[in-house]
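Have a look at the structure below, then the notes.
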Number of protein chains: 2
Amino acid sequence: MYSHTVFSTLADPTRRRIVEALRHGEQAVNDIVGLVGVDQPGVSRHLRILHEAGFVQVRPHAQQRFYSLRSEPFRELAAWLTNYRIFWEARLEHFARALDRKAPVRRKGKQ
Amino acid sequence: MYSHTVFSTLADPTRRRIVEALRHGEQAVNDIVGLVGVDQPGVSRHLRILHEAGFVQVRPHAQQRFYSLRSEPFRELAAWLTNYRIFWEARLEHFARALDRKAPVRRKGKQ
DNA sequence: CGTATATATACCAATAGATATATACAGCGC
DNA sequence: GCGCTGTATATATCTATTGGTATATATACG
(Lines give C-alpha, C1' and ligand atoms only; values in the text may rest on other atoms or scores of the structure.)
Protein backbone atom coordinates (compact mmCIF):
# COMPACT_ATOMS: atom_id res chain seq x y z
CA MET A 1 0.00 0.00 0.00
CA TYR A 2 1.02 3.52 -0.55
CA SER A 3 0.12 6.58 1.39
CA HIS A 4 -0.35 9.60 -0.78
CA THR A 5 0.52 13.10 0.32
CA VAL A 6 -1.34 16.22 -0.63
CA PHE A 7 1.14 16.84 -3.41
CA SER A 8 1.37 13.34 -4.82
CA THR A 9 -2.40 13.16 -4.78
CA LEU A 10 -2.66 16.28 -6.86
CA ALA A 11 0.22 15.28 -9.08
CA ASP A 12 -2.10 13.22 -11.24
CA PRO A 13 -3.96 15.34 -13.80
CA THR A 14 -7.02 13.12 -13.75
CA ARG A 15 -7.34 13.60 -10.02
CA ARG A 16 -6.99 17.34 -10.44
CA ARG A 17 -9.82 17.22 -12.96
CA ILE A 18 -11.94 15.29 -10.49
CA VAL A 19 -11.23 17.84 -7.79
CA GLU A 20 -12.09 20.55 -10.23
CA ALA A 21 -15.32 18.77 -11.07
CA LEU A 22 -16.25 18.72 -7.40
CA ARG A 23 -15.45 22.35 -6.87
CA HIS A 24 -19.05 23.48 -7.10
CA GLY A 25 -20.66 20.73 -5.13
CA GLU A 26 -21.08 17.03 -4.76
CA GLN A 27 -21.32 14.72 -7.74
CA ALA A 28 -22.21 11.08 -8.28
CA VAL A 29 -19.50 8.86 -9.69
CA ASN A 30 -21.10 8.56 -13.08
CA ASP A 31 -21.41 12.31 -13.41
CA ILE A 32 -17.70 12.60 -12.76
CA VAL A 33 -17.03 9.95 -15.38
CA GLY A 34 -18.72 12.14 -17.93
CA LEU A 35 -16.66 15.13 -16.90
CA VAL A 36 -13.12 13.83 -16.70
CA GLY A 37 -12.91 11.44 -19.64
CA VAL A 38 -11.80 8.30 -17.83
CA ASP A 39 -13.91 5.17 -17.58
CA GLN A 40 -15.87 4.41 -14.45
CA PRO A 41 -13.47 1.97 -12.79
CA GLY A 42 -10.70 4.45 -13.33
CA VAL A 43 -12.68 7.21 -11.68
CA SER A 44 -13.52 4.92 -8.76
CA ARG A 45 -9.87 4.12 -8.26
CA HIS A 46 -8.93 7.77 -8.25
CA LEU A 47 -11.77 8.53 -5.90
CA ARG A 48 -10.42 5.97 -3.51
CA ILE A 49 -7.03 7.62 -3.52
CA LEU A 50 -8.65 11.01 -3.07
CA HIS A 51 -10.66 9.61 -0.20
CA GLU A 52 -7.66 8.06 1.51
CA ALA A 53 -5.81 11.34 1.17
CA GLY A 54 -8.72 13.13 2.82
CA PHE A 55 -9.70 15.15 -0.21
CA VAL A 56 -13.22 13.82 -0.53
CA GLN A 57 -16.05 12.43 1.52
CA VAL A 58 -18.87 10.16 0.42
CA ARG A 59 -22.58 10.34 0.91
CA PRO A 60 -24.32 7.16 -0.20
CA HIS A 61 -27.83 7.57 -1.49
CA ALA A 62 -29.67 4.67 -3.10
CA GLN A 63 -27.21 3.02 -5.46
CA GLN A 64 -25.34 6.20 -6.01
CA ARG A 65 -22.43 7.62 -4.11
CA PHE A 66 -22.09 11.34 -3.98
CA TYR A 67 -18.60 12.64 -3.54
CA SER A 68 -17.72 16.08 -2.29
CA LEU A 69 -14.58 17.95 -1.28
CA ARG A 70 -13.24 18.23 2.23
CA SER A 71 -11.33 21.23 3.46
CA GLU A 72 -8.47 19.71 5.36
CA PRO A 73 -5.97 19.08 2.56
CA PHE A 74 -6.54 22.55 1.19
CA ARG A 75 -5.76 24.00 4.56
CA GLU A 76 -2.68 21.86 4.75
CA LEU A 77 -1.57 23.11 1.38
CA ALA A 78 -2.21 26.69 2.41
CA ALA A 79 -0.20 26.15 5.56
CA TRP A 80 2.73 24.75 3.62
CA LEU A 81 2.59 27.62 1.23
CA THR A 82 2.73 30.06 4.09
CA ASN A 83 6.32 29.05 4.72
CA TYR A 84 7.18 30.42 1.32
CA ARG A 85 5.05 33.47 1.41
CA ILE A 86 8.06 35.67 0.91
CA PHE A 87 8.16 34.28 -2.60
CA TRP A 88 4.70 35.33 -3.58
CA GLU A 89 4.48 38.43 -1.48
CA ALA A 90 4.12 40.45 -4.64
CA ARG A 91 0.71 38.91 -5.08
CA LEU A 92 -0.36 39.16 -1.52
CA GLU A 93 -2.38 42.25 -2.17
CA HIS A 94 -4.44 40.31 -4.66
CA PHE A 95 -4.77 37.52 -2.27
CA ALA A 96 -5.68 39.70 0.59
CA ARG A 97 -8.22 41.53 -1.46
CA ALA A 98 -9.90 38.23 -2.15
CA LEU A 99 -10.64 38.14 1.54
CA ASP A 100 -12.22 41.54 1.58
CA ARG A 101 -15.60 40.37 2.65
CA LYS A 102 -14.21 38.56 5.58
CA ALA A 103 -11.40 40.78 6.73
CA PRO A 104 -10.86 43.92 4.70
CA VAL A 105 -7.28 44.90 4.03
CA ARG A 106 -6.17 48.34 4.97
CA ARG A 107 -4.44 49.72 1.93
CA LYS A 108 -1.82 52.14 2.99
CA GLY A 109 -0.23 52.83 -0.34
CA LYS A 110 2.71 50.53 0.30
CA GLN A 111 3.50 52.28 3.53
CA MET B 1 11.51 14.16 -21.83
CA TYR B 2 8.88 14.87 -19.29
CA SER B 3 7.41 18.14 -18.29
CA HIS B 4 6.70 18.36 -14.61
CA THR B 5 3.91 20.43 -13.18
CA VAL B 6 4.06 22.32 -9.93
CA PHE B 7 2.35 19.44 -8.19
CA SER B 8 4.28 16.55 -9.68
CA THR B 9 7.49 18.42 -8.94
CA LEU B 10 6.56 18.72 -5.31
CA ALA B 11 5.19 15.20 -5.16
CA ASP B 12 8.67 13.86 -4.53
CA PRO B 13 9.70 14.15 -0.87
CA THR B 14 13.36 14.60 -1.70
CA ARG B 15 12.53 17.58 -3.87
CA ARG B 16 10.42 19.03 -1.10
CA ARG B 17 13.38 18.68 1.23
CA ILE B 18 15.58 20.45 -1.30
CA VAL B 19 13.08 23.28 -1.57
CA GLU B 20 12.96 23.42 2.19
CA ALA B 21 16.74 23.57 2.32
CA LEU B 22 16.69 26.55 -0.02
CA ARG B 23 14.05 28.37 1.93
CA HIS B 24 16.47 30.63 3.71
CA GLY B 25 18.79 31.40 0.87
CA GLU B 26 20.98 29.92 -1.82
CA GLN B 27 23.01 26.79 -1.28
CA ALA B 28 25.73 25.00 -3.19
CA VAL B 29 24.93 21.51 -4.39
CA ASN B 30 27.17 19.81 -1.87
CA ASP B 31 25.57 21.66 1.00
CA ILE B 32 22.22 20.38 -0.18
CA VAL B 33 23.60 16.85 -0.36
CA GLY B 34 24.45 17.07 3.31
CA LEU B 35 20.99 18.28 4.15
CA VAL B 36 18.68 15.98 2.24
CA GLY B 37 20.36 12.61 2.58
CA VAL B 38 20.56 11.65 -1.09
CA ASP B 39 23.81 11.18 -2.95
CA GLN B 40 25.17 13.97 -5.07
CA PRO B 41 24.13 12.77 -8.53
CA GLY B 42 20.67 12.23 -7.15
CA VAL B 43 20.54 15.77 -5.87
CA SER B 44 21.76 17.06 -9.22
CA ARG B 45 19.06 15.18 -11.04
CA HIS B 46 16.40 16.56 -8.74
CA LEU B 47 17.86 20.04 -9.13
CA ARG B 48 17.53 19.68 -12.86
CA ILE B 49 13.87 18.82 -12.52
CA LEU B 50 13.35 21.70 -10.10
CA HIS B 51 15.09 23.99 -12.54
CA GLU B 52 13.02 22.86 -15.50
CA ALA B 53 9.89 23.37 -13.45
CA GLY B 54 11.00 26.90 -12.64
CA PHE B 55 11.47 26.33 -8.94
CA VAL B 56 15.15 27.23 -8.79
CA GLN B 57 17.74 29.36 -10.48
CA VAL B 58 21.51 28.85 -10.62
CA ARG B 59 24.41 31.17 -9.94
CA PRO B 60 27.71 29.61 -10.96
CA HIS B 61 30.74 30.65 -8.97
CA ALA B 62 34.06 28.95 -9.52
CA GLN B 63 33.36 25.22 -9.58
CA GLN B 64 30.32 25.57 -7.43
CA ARG B 65 26.76 26.18 -8.41
CA PHE B 66 24.57 28.04 -6.02
CA TYR B 67 20.90 27.28 -6.26
CA SER B 68 18.10 29.46 -4.98
CA LEU B 69 14.32 29.53 -5.14
CA ARG B 70 12.26 31.40 -7.68
CA SER B 71 8.85 32.82 -6.90
CA GLU B 72 6.81 31.88 -9.94
CA PRO B 73 5.71 28.35 -9.04
CA PHE B 74 4.71 29.47 -5.58
CA ARG B 75 2.55 32.13 -7.07
CA GLU B 76 1.06 29.59 -9.41
CA LEU B 77 0.26 27.35 -6.49
CA ALA B 78 -1.27 30.21 -4.57
CA ALA B 79 -3.39 31.08 -7.59
CA TRP B 80 -4.64 27.51 -7.91
CA LEU B 81 -5.45 27.40 -4.26
CA THR B 82 -7.46 30.56 -4.54
CA ASN B 83 -10.07 28.64 -6.51
CA TYR B 84 -10.67 26.54 -3.45
CA ARG B 85 -10.46 29.22 -0.86
CA ILE B 86 -13.98 28.49 0.28
CA PHE B 87 -12.54 25.28 1.68
CA TRP B 88 -9.99 26.88 3.92
CA GLU B 89 -11.87 30.03 4.70
CA ALA B 90 -12.00 28.98 8.33
CA ARG B 91 -8.30 29.56 8.53
CA LEU B 92 -8.22 32.75 6.61
CA GLU B 93 -7.85 34.78 9.74
CA HIS B 94 -4.65 32.96 10.51
CA PHE B 95 -3.51 33.46 7.02
CA ALA B 96 -4.39 37.07 6.95
CA ARG B 97 -2.68 37.65 10.24
CA ALA B 98 0.50 36.27 8.78
CA LEU B 99 0.44 39.27 6.52
CA ASP B 100 0.12 41.71 9.33
CA ARG B 101 3.34 43.49 8.65
CA LYS B 102 2.39 44.13 5.10
CA ALA B 103 -1.31 44.70 5.28
CA PRO B 104 -2.78 44.51 8.75
CA VAL B 105 -6.11 42.85 9.11
CA ARG B 106 -8.85 44.81 10.70
CA ARG B 107 -9.83 42.70 13.65
CA LYS B 108 -13.37 43.31 14.43
CA GLY B 109 -13.38 41.35 17.64
CA LYS B 110 -14.70 38.35 15.83
CA GLN B 111 -17.71 40.43 15.00
C1' DC C 1 -37.22 -13.16 -6.40
C1' DG C 2 -35.04 -11.63 -10.55
C1' DT C 3 -33.28 -7.97 -13.27
C1' DA C 4 -31.22 -3.49 -14.01
C1' DT C 5 -28.26 0.16 -12.45
C1' DA C 6 -24.45 2.20 -9.82
C1' DT C 7 -20.14 1.53 -7.91
C1' DA C 8 -16.04 -1.01 -6.46
C1' DT C 9 -12.34 -4.37 -7.00
C1' DA C 10 -8.96 -7.74 -9.36
C1' DC C 11 -5.97 -8.57 -12.69
C1' DC C 12 -3.08 -7.22 -16.52
C1' DA C 13 0.27 -4.75 -19.63
C1' DA C 14 2.54 -0.60 -20.27
C1' DT C 15 4.97 3.25 -18.43
C1' DA C 16 7.10 6.56 -15.52
C1' DG C 17 10.06 7.77 -11.87
C1' DA C 18 13.62 6.83 -8.17
C1' DT C 19 18.11 5.33 -6.76
C1' DA C 20 22.83 3.81 -7.33
C1' DT C 21 26.98 3.12 -10.02
C1' DA C 22 29.92 4.60 -13.35
C1' DT C 23 31.54 8.08 -16.37
C1' DA C 24 32.43 12.62 -18.42
C1' DC C 25 33.49 17.41 -18.05
C1' DA C 26 35.02 21.93 -16.09
C1' DG C 27 37.51 24.94 -13.07
C1' DC C 28 41.14 25.50 -9.63
C1' DG C 29 45.77 25.05 -7.37
C1' DC C 30 50.33 23.36 -7.73
C1' DG D 1 50.26 20.43 -17.79
C1' DC D 2 48.41 17.40 -13.92
C1' DG D 3 45.71 16.01 -10.44
C1' DC D 4 41.84 17.26 -7.36
C1' DT D 5 37.26 18.64 -6.46
C1' DG D 6 32.60 19.89 -7.75
C1' DT D 7 29.00 19.04 -10.88
C1' DA D 8 26.40 16.86 -14.63
C1' DT D 9 24.93 12.96 -17.39
C1' DA D 10 24.29 8.05 -18.94
C1' DT D 11 23.01 3.49 -17.87
C1' DA D 12 20.76 -0.21 -15.45
C1' DT D 13 17.55 -1.85 -12.22
C1' DC D 14 13.62 -1.65 -9.42
C1' DT D 15 9.18 -0.13 -7.89
C1' DA D 16 4.85 2.08 -8.23
C1' DT D 17 1.11 3.89 -10.81
C1' DT D 18 -1.91 4.24 -14.64
C1' DG D 19 -5.74 2.76 -17.48
C1' DG D 20 -8.37 -0.94 -19.53
C1' DT D 21 -11.23 -5.25 -19.35
C1' DA D 22 -13.66 -8.27 -16.78
C1' DT D 23 -15.95 -9.30 -12.61
C1' DA D 24 -18.02 -8.70 -8.05
C1' DT D 25 -21.09 -6.28 -4.78
C1' DA D 26 -24.95 -3.58 -3.48
C1' DT D 27 -29.20 -1.18 -3.90
C1' DA D 28 -33.57 -0.29 -6.23
C1' DC D 29 -37.58 -1.73 -8.58
C1' DG D 30 -41.09 -4.57 -10.76
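Order of the sequence lines fixes the chain letters, A, B, ..., with proteins taken first and strands second; residue numbering starts at 1 for each chain.
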Counting C-beta onward and ignoring hydrogens, is there a side-chain heavy-atom pair between B:F7 and A:D12 closer than 4.5 Å? no
Atom [atom1] of [X] and atom [atom2] of [N]: how far apart are they, to the nearest Å?
X     : N      : atom1 : atom2 : result
B:R15 : C:dA18 : CZ    : C1'   : 9 Å
A:L50 : D:dT17 : CG    : P     : 14 Å
B:I49 : C:dA18 : CD1   : C1'   : 9 Å
B:N30 : C:dC28 : CG    : P     : 16 Å
A:E52 : D:dT17 : CD    : C1'   : 14 Å
B:L10 : C:dG17 : CG    : C1'   : 16 Å
B:E26 : D:dT7  : CD    : P     : 12 Å
B:R59 : D:dT7  : CZ    : C1'   : 16 Å

Specify the closest pair of heavy atoms between B:V29 and B:V43, including all atoms of both residues, with the distance to one decimal.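 Minimum heavy-atom contact is CG1-CG1, 4.1 Å.
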Closest approach of A:L35 to A:A21 (non-hydrogen atoms, all atoms of both residues): CD1-CB, 3.8 Å
A:E72 atom CD, neighbour heavy-atom count above 12 within 6.0 Å: no
What string of B, S and - do you get for nucleotides 19-30 of chain D 5' to 3' if you count protein non-hydrogen atoms under 4.0 Å? BBBB----BS--
OP1 or OP2 of D:dA8 under 4.0 Å from side-chain N/O of B:Y67: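 So the side chain of B:Y67 is within the cut-off, an N or O lying under 4.0 Å from OP1 or OP2 of D:dA8.
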Look at the aromatic rings of A:Y84 and B:F74 and report parallel, tilted or perpendicular, splitting at 30° and 60°.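 Geometry flag for B:F74 against A:Y84: parallel rings.
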Heavy atoms only, 4.0 Å cut-off, all strands: where does B:I32 land among base, sugar-phosphate and nothing? nothing
Please answer whether the main-chain N or O of B:S8 pairs with a side-chain N or O of B:R15 as donor and acceptor at a distance below 3.5 Å. yes
